[in-house]
Number of protein chains: 2
Amino acid sequence: MNLDIDRIDRKILRELQDDGRIANVDLAKRIGLSPTACLERVKRLTRDGYILGYGARLNPEKLSAGLLVFVEVLLDRTTPEVFERFKLAVTDRPEVQECHLVAGGFDYLVKARVRDMKAYRDFLAGTLLSLPGVRETHTYAVMEEVKESGTIHIPP
Amino acid sequence: MNLDIDRIDRKILRELQDDGRIANVDLAKRIGLSPTACLERVKRLTRDGYILGYGARLNPEKLSAGLLVFVEVLLDRTTPEVFERFKLAVTDRPEVQECHLVAGGFDYLVKARVRDMKAYRDFLAGTLLSLPGVRETHTYAVMEEVKESGTIHIPP
DNA sequence: CATATGGCCGGATTTTATGCGGATTTATGT
DNA sequence: ACATAAATCCGCATAAAATCCGGCCATATG
C-alpha cells in the first residue's frame, strides 16, 4: 500500500510533521542526505499527495477559543436534503473544527472551539438547533485535554 | 483579553495557520509590511505563546491510517490511580491522536487513527480493554469526514 | 519641551533554496 | 547477461530569503 515510500521518506514525514518550518538544510542533515536530494524527496512527497500542506499550531487559550466541546447530533432520517443542509451549515461555521458522519448511535459528531459557555449556548441555539431536521443533540464539554497531538503515526 | 495583539497580528496568525511555510517575504507582502517588521512580529507572537509550532499536514489515507474512530470510555470511579494509568497508556499509544476528559455521560473521549477494522480491534482489545478500571466503551467509526480543518477561528 | 520608547524601513551580510551537470545505482526489456 | 532507461544522489553556482544594523518617525513620558 504505502511501499512506494522508503525509510528515509518516512523519516522526512516524521520530521516535517513535528516541525513544518525546519530549513531544508537542517532537515537534510538530520536524515543524512544532501540538501538537494532531500528537497527532491520533499517535492515528490508533496506531488504524490503525502504532504497536504503546512500550518502553524496556535494557542487556543490565548485566542478566545478556550472551551472545547464535542456535540453528538441526531437527525431526522427523512430526506437527503436534511443531511446536505447540515453539512453545509457546519462547514462554514468557523468555530467548528471537525464534523464527522459516524456509524453508531447518532449521526454527526461535531468538534468545536468557542470562547466560553455563553458562546457555546449561542452556537448551539443559533446554529445547530435552528437547523431543520435536528432531532437531538448531546453536548460534552472538555475538562482536560489529556492528549492533543494531531499527528499521524508513521512506523519506522 | 487578547487585545495585546492587533489586527495585523491576527492577520499574520491567520496566514501562518493556513500556510505555515510561507516565506517571510511573501507574508510581509500579504499583510503590507516590510519583511523586517513582519519577522519581528512573528518572533514576538512566538515568544508570547500565540504560535506554538509548525507542522506538516499529512494524508492519513496514504499512510496506513485510513480509519478514524472515536471511542467513549467509561471508567470505574474507584481510585485516581485508574485515571492516571489510563492517561499514561493513552498518551504513548501512537494511534491515539486525541484524548479528552469530558463532562457528561462518560469519562474519556478518544480519537484514534488506525489502518483498518482489524487494527482497531487489536487496539481496543490490546490497549483500551486491557487497562484496569475500564468499565465500558462505545466505538464510533467515521464514515465520512465532513470537515477536518483543525484551524482556530481568528476574528478580524 | 526634551527625551525615551517602540515600531518601521532600507541596505548590507549571512544563510538557504534551487537549478544544473554528471556520477552511481536500480529497474526493465531483449 | 547485456544494454538502455529511469531514478537518485552529490557538489557547485546562482538566485532568493533570512537576519542584522543603523536610522527615521510617531507617540508617550517626565
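In what follows, every chain begins at residue 1, and chains take the letters A, B, ... in the order their sequences are listed. These values consider heavy atoms only, across backbone and side chains, with no hydrogens, waters or symmetry-generated copies.
Taking a cutoff of 4.0 Å between a charged side-chain nitrogen and a carboxylate oxygen, Lys118(A) and Asp122(A) qualify as a salt bridge. Between Arg113(B) and Glu148(B) there is a salt bridge, since at least one side-chain N of the basic residue sits less than 4.0 Å from a carboxylate O of the acidic one.
Atoms CD1 (Ile8(A)) and P (dC9(D)) sit 6 Å apart, rounded to a whole Å. The separation between Asp6(B) atom CG and dC8(C) atom C1' is 13 Å, rounded to whole Å. The separation between Arg7(A) atom CZ and dT8(D) atom P is 16 Å, rounded to whole Å. When the C1' atom of dG21(C) is taken as reference, atom CD of Glu40(A) falls 14 Å away, rounded to whole Å. Between Ile5(A) atom CD1 and dA7(D) atom C1' the separation is 17 Å, expressed in whole Å. Straight-line distance from the CD1 atom of Ile31(B) to the P atom of dC9(C): 9 Å, rounded to whole Å. Asn24(A) has its CG atom 12 Å from the P atom of dG19(C), to the nearest Å. Asp4(A) has its CG atom 16 Å from the C1' atom of dT8(D), to the nearest Å.
Summarising the local packing, CZ of Arg44(A) is surrounded by more than 12 heavy atoms from other residues, nucleotides or ligands at distances under 6.0 Å.
If you find the closest nucleotide of DNA chain D to Arg21(A) and to Pro35(A), the one lying nearer the 5' end belongs to Pro35(A). With DNA chain D read from its 5' end, the first of the two nearest nucleotides for Ala37(A) and Leu39(B) is the one closest to Ala37(A).
The side chain of Thr36(A) has dC12(D) as its nearest neighbour among dC20(D), dA17(D), dC12(D). Closest contact between the side chain of Arg41(B) and the listed nucleotides dT19(D), dG7(C), dC12(D) involves dG7(C). Here dC8(C) is the nucleotide among dT16(C), dA17(D), dC8(C) with the atom lying nearest to any side-chain atom of Leu33(B). The side chain of Ser34(B) lies closest to dC9(C) when the candidates are dG11(D), dA18(D), dC9(C). Nearest to the side-chain atoms of Asp26(A) among the listed nucleotides dA18(D), dT16(C), dC9(C) stands dT16(C).
For the atom pair Arg85(A) CZ and Leu75(A) CG, the distance stands at 12.0 Å (nearest 0.5 Å). Distance check: Arg21(B) CZ to Asp26(B) CG gives 13.0 Å after rounding to the nearest 0.5 Å. Atom CG of Leu13(B) is separated from atom CZ of Arg41(B) by 10.5 Å, given to the nearest 0.5 angstrom.
Residues Val110(A) and Phe86(A) meet the side-chain proximity criterion, which asks for heavy atoms closer than 4.5 Å.
Phosphate proximity of dG7(C) to Lys43(B): absent, as no side-chain N or O sits under 4.0 Å from OP1 or OP2.
Axis angle, first five pairs versus last five pairs of the helix from dC1(C)-dG30(D) to dT30(C)-dA1(D): 40°, rounded to 10°.
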